[in-house]
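Below you'll find the structure, written out as structure tokens, and then a few comments.
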Amino acid sequence: MAALYKYQLRPEYRSENLLIEIISGFDADSPTKFVSDLKEVISEIQPKITDIHDLWMNDEMFFCMTSDEGDFTVSVTIWGIAFIMASRNQKVILKIDSVLQNDANFEKLPVNLENYI
């Protein structure tokens, strides 16, 4: 069975902060489906949505979340790309990456770090 979602753990542009970029696998017309799938996979850290911002001018939705590992944000665009970000809490990004690596529905892809300098 092929992984449903493909992602990269990579630096933010011109930063040392890491983020997770989901680059394929979900229907951009249903961002809540991806967030629901993500919450199920990372359930061991008890994620909860605390706020949702529909940035229709940017064609993007922000899901503000909290968890046992701390706060993070999931940004989902209409172009089928999502970002999991936590610039003030990098340990939650590393924990989510660790969990995703052990789930058959997620495939971690290699990153060329020079693309983000």
Side-chain angles (χ1 to χ4, degrees):
M1 176 176 104
L4 178 60
Y5 301 108
K6 297 182 188 295
Y7 79 97
Q8 295 179 318
L9 175 67
R10 68 166 182 81
E12 296 173 357
Y13 287 104
R14 296 185 183 103
S15 173
E16 293 181 7
N17 291 330
L18 296 173
L19 59 76
I20 295 171
E21 179 180 8
I22 310 297
I23 58 175
S24 71
F26 65 93
D27 182 358
D29 292 330
S30 182
T32 54
K33 169 80 169 95
F34 168 71
V35 174
S36 177
D37 288 350
L38 178 66
K39 282 178 58 182
E40 184 176 323
V41 170
I42 63 172
S43 63
E44 71 184 65
I45 65 169
Q46 301 295 310
K48 294 174 187 66
I49 296 173
T50 58
D51 204 359
I52 299 173
H53 301 279
D54 187 353
L55 305 175
W56 61 270
M57 291 176 62
N58 293 348
D59 298 324
E60 181 174 23
M61 289 185 75
F62 269 75
F63 297 82
C64 301
M65 304 185 79
T66 190
S67 74
D68 291 348
E69 297 289 327
D71 298 341
F72 61 99
T73 303
V74 179
S75 166
V76 182
T77 71
I78 65 163
W79 301 285
I81 299 171
F83 298 95
I84 304 169
M85 305 167 289
S87 59
R88 293 190 176 134
N89 183 10
Q90 291 288 279
K91 78 174 188 169
V92 73
I93 296 296
L94 296 174
K95 178 62 177 179
I96 292 170
D97 173 52
S98 173
V99 173
L100 296 181
Q101 286 184 61
N102 292 308
D103 189 277
N105 287 314
F106 285 83
E107 178 184 351
K108 186 174 184 178
L109 301 175
V111 174
N112 181 351
L113 298 176
E114 292 190 12
N115 290 342
Y116 304 98
I117 296 175

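Below, each value reflects all heavy atoms present in this structure, side chains not excepted, and no hydrogens, waters or symmetry copies.
Exactly one of L100, I96, N102 qualifies for a side-chain contact (heavy atoms from CB on, under 4.5 Å) with V41. That residue is L100.
Looking only at side-chain heavy atoms (C-beta outward), Q90 and E16 stay at 4.5 Å or farther from each other. Side chains of L19 and N17 form no contact here, defined as non-hydrogen atoms less than 4.5 Å apart. Within the 4.5 Å cutoff, no side-chain heavy atoms of F83 are placed close to those of E12. Within the 4.5 Å cutoff, no side-chain heavy atoms of L38 are placed close to those of I22. L113 is listed as a side-chain neighbour of P11, based on a closest heavy-atom distance under 4.5 Å.
Taking each heavy atom of A86 and F72 in turn, the nearest pair found is CB-CB, 3.9 Å. Smallest separation of non-hydrogen atoms from Y13 and N115: CE2-O, 3.7 Å. Nearest heavy atoms, I20 versus D97: CD1-N, 3.7 Å. Across L9 and V111, no two heavy atoms sit closer than the pair O-CG2, 3.3 Å. Of all the heavy atoms in N89 and E69, the pair that sits closest is ND2-O, 2.8 Å. Taking all atoms of both residues into account, the shortest heavy-atom contact from P47 to S67 is CA-CB, 4.1 Å.
Rounded to the nearest 0.5 angstrom, Q8 CD and E107 CD are separated by 10.5 Å. Expressed to the nearest 0.5 Å, how far CD of Q46 lies from OG1 of T66 amounts to 11.0 Å. One distance of note links CE of M85 with CD1 of I93; it measures 8.5 Å at 0.5 Å rounding. With rounding to the nearest 0.5 Å, the separation of CG in D54 from CD in E60 is 10.0 Å. One finds the CZ atom of F63 at 11.0 Å from the NE2 atom of H53 (value rounded to the nearest 0.5 Å).
Residues F34 and I49 share a hydrophobic cluster, clusters being chains of Ile/Leu/Val/Met/Phe/Trp/Tyr side chains in contact below 4.5 Å. Residues I84 and L109 do not share a hydrophobic cluster, clusters being chains of Ile/Leu/Val/Met/Phe/Trp/Tyr side chains in contact below 4.5 Å.
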